[in-house]
Amino acid sequence: MEYLCDSNAYGKNTDCMKYRLADAMKQCMKTAPVEKITVKEIVEACGITRQTFYRNFKDKYDLINWYFDKILLESFEHMGEGETIYEGLVNKFCYIRQEKMFFRVAFKNDDQNCLRDHDFQLILQFYTEKIEQNTQRQISDRVRFLLEMYCHGSIYMTVQWLLGQWKGTPEELASLLVAAMPEELSAMFKKLKLL
């Protein structure tokens with residue numbers, strides 16, 4: 001992920017320091033699983049003190065979640081650029097592919113703060129807002145049930161793709177996820193001209 005920070009801004013801008021720590025974490029992830037990485041290794045890779053680390057994050061999982069949020073929010077912005085759900089998914093997966101190594105490692109160690117649940121909340125909110133903005137009313141309990149089931153399945157298959165368990169392009173994955181959408185949701189998205 002690219003971010004705008006010049007070397008003079010690192011100490012002054014909290015986000016710049018957080019991105020530096022995220023880069024250090026990603027460097028550590030290349031050689032060790034998350035559970036074996038220590039804060040000491042992260043700060044050494046970053047060239048800062050432990051005190052600076054703890055001013056920004058509670059622990060390494062807090063750092064991972066922060067960076068995960070930044071990447072996901074950016075990927076949802078790319079998803080929102082698509083006119084249809086399919087185009088949005090392709091945009092999201094192309095963007096996520098740029099950070100594939102981070103996602104692979106983060107999802108492999110999913111027990112601490114449960115990134116899948118976090119991703120679920122973000123994607124459910126994204127789809128709910130799309131529907132409610134276009135219909136000008138709150139979604140029904142039935143639609144929410146279908147949407148929750150669909151979002152869980154979508155996340156599961158996205159993680160399978162990131163972990164290399166399912167091979168395919170972002171376009172193929174997006175196409176299959178659209179095809180797997182429950183009929184009632186699909187009809188609703190078509191009516192709203194989102195599919």
Side-chain angles (χ1 to χ4, degrees), residues 1 3 15 18-19 22 57-58 61-100 102-163 165-166 168-195:
M1 178 178 227
Y3 47 91
D15 267 2
K18 288 181 175 184
Y19 278 116
F57 298 106
K58 293 183 293 189
Y61 298 106
D62 189 32
L63 164 59
I64 289 169
N65 282 346
W66 176 83
Y67 190 62
F68 185 80
D69 278 355
K70 290 291 185 182
I71 295 171
L72 274 185
L73 291 174
E74 184 72 22
S75 75
F76 280 112
E77 284 179 26
H78 287 283
M79 190 174 181
E81 293 167 2
E83 289 186 20
T84 66
I85 299 293
Y86 169 78
E87 290 169 356
L89 287 169
V90 170
N91 289 344
K92 178 185 178 186
F93 298 142
C94 286
Y95 182 78
I96 285 176
R97 186 169 54 185
Q98 296 171 17
E99 291 284 347
K100 198 169 191 174
F102 173 80
F103 277 101
R104 270 188 182 166
V105 175
F107 274 121
K108 274 185 185 172
N109 187 53
D110 196 13
D111 55 317
Q112 180 71 18
N113 289 311
C114 202
L115 294 179
R116 291 172 207 232
D117 285 348
H118 189 65
D119 190 16
F120 167 75
Q121 292 302 325
L122 289 174
I123 197 164
L124 178 64
Q125 179 183 346
F126 177 84
Y127 283 126
T128 300
E129 287 174 2
K130 282 279 188 198
I131 293 169
E132 291 180 349
Q133 285 169 0
N134 281 281
T135 61
Q136 296 295 305
R137 64 176 187 255
Q138 193 172 359
I139 63 171
S140 68
D141 289 343
R142 179 179 174 82
V143 169
R144 184 171 182 82
F145 177 89
L146 294 171
L147 200 52
E148 285 186 19
M149 184 189 68
Y150 176 69
C151 290
H152 277 298
S154 295
I155 292 163
Y156 175 80
M157 292 313 300
T158 301
V159 171
Q160 294 305 300
W161 175 64
L162 286 166
L163 297 178
Q165 301 298 318
W166 183 83
T169 65
E171 293 80 7
E172 290 168 330
L173 180 58
S175 181
L176 287 170
L177 289 179
V178 167
M181 190 176 287
E183 190 175 324
E184 193 172 324
L185 275 184
S186 179
M188 177 184 291
F189 281 128
K190 283 177 184 168
K191 186 177 178 182
L192 298 174
K193 296 184 170 50
L194 295 171
L195 198 58

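We're numbering straight along the sequence, starting at 1.
Listed by first then second residue, pairs satisfying salt bridge (charged side-chain N to carboxylate O under 4.0 Å, His left out) with a partner in residues 179-190 read R142-E184, not counting sequence neighbours. For residues 119-148, the ring-ring contact (aromatic ring centres under 6.0 Å, His included) pairs, not counting sequence neighbours, are F76-F126, F120-H152, Y127-F189. For residues 152-161, no pair satisfies salt bridge (charged side-chain N to carboxylate O under 4.0 Å, His left out), with sequence neighbours left out.
Closest heavy-atom contact between S175 and Y86: N-CE1, 3.7 Å.
Contacts of K191 classified as side chain to side chain contact (heavy atoms under 4.5 Å, CB included), with partners at least two apart in sequence or in another chain: none. With sequence neighbours left out, the side chain to side chain donor-acceptor pair (under 3.5 Å) criterion links E171 to T169. The side chain to side chain donor-acceptor pair (under 3.5 Å) search around D69 returns H118, not counting sequence neighbours. Checked against side chain to side chain contact (heavy atoms under 4.5 Å, CB included), Q121 has no partners two or more places apart in sequence or in another chain. Residues satisfying the side chain to side chain donor-acceptor pair (under 3.5 Å) test with R144, not counting sequence neighbours, are E148. For A22, the side chain to side chain contact (heavy atoms under 4.5 Å, CB included) partners at least two apart in sequence or on another chain are L63, W66, Y67. Partners of Q138 according to the side chain to side chain contact (heavy atoms under 4.5 Å, CB included) rule, which considers only residues two or more places apart in sequence or in another chain, are E132. Judged as a side chain to side chain donor-acceptor pair (under 3.5 Å), and not counting sequence neighbours, the contacts of Q125 are E129.
For the atom pair CE (M188) and CG (L194), the distance works out to 10.5 Å, reported to the nearest 0.5 Å. Considering CG of L185 and CD1 of I131, their distance stands at 6.0 Å, rounded to 0.5 Å.
Each of L147, L146, I85 was compared with M181 under the side-chain contact (heavy atoms from CB on, under 4.5 Å) criterion, and only I85 meets it.
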**Asked** Are I71 and Y95 close enough, and set up right, to give a side chain to side chain contact (heavy atoms under 4.5 Å, CB included), and what steps lead you there?
**Response** CA-CA 9 Å; I71 295 171; Y95 182 78; 3.9 Å; yes
**Message:** Walk me through whether E87 and T84 qualify under side chain to side chain contact (heavy atoms under 4.5 Å, CB included).
**Reply:** CA-CA 5 Å; E87 290 169 356; T84 66; 3.3 Å; yes
**Request:** Please test L89 against L173 for side chain to side chain contact (heavy atoms under 4.5 Å, CB included), starting from the C-alpha separation and ending with a verdict.
**Result:** CA-CA 8 Å; L89 287 169; L173 180 58; over 6 Å; no
Would you tabulate the side-chain donor-acceptor contacts of residues 155-162 under 3.5 Å, counting partners in other chains and residues two or more places apart, or write 'none'?
from : atom 1 : to   : atom 2 : distance (Å)
T158 : OG1    : S154 : O      : 2.7
W161 : NE1    : G168 : O      : 2.8

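Looking at Y150 and L177, their side chains come closer than 4.5 Å, going by heavy atoms from C-beta outward. Side-chain contact between V143 and S140 is present, with at least one heavy-atom pair separated by less than 4.5 Å.
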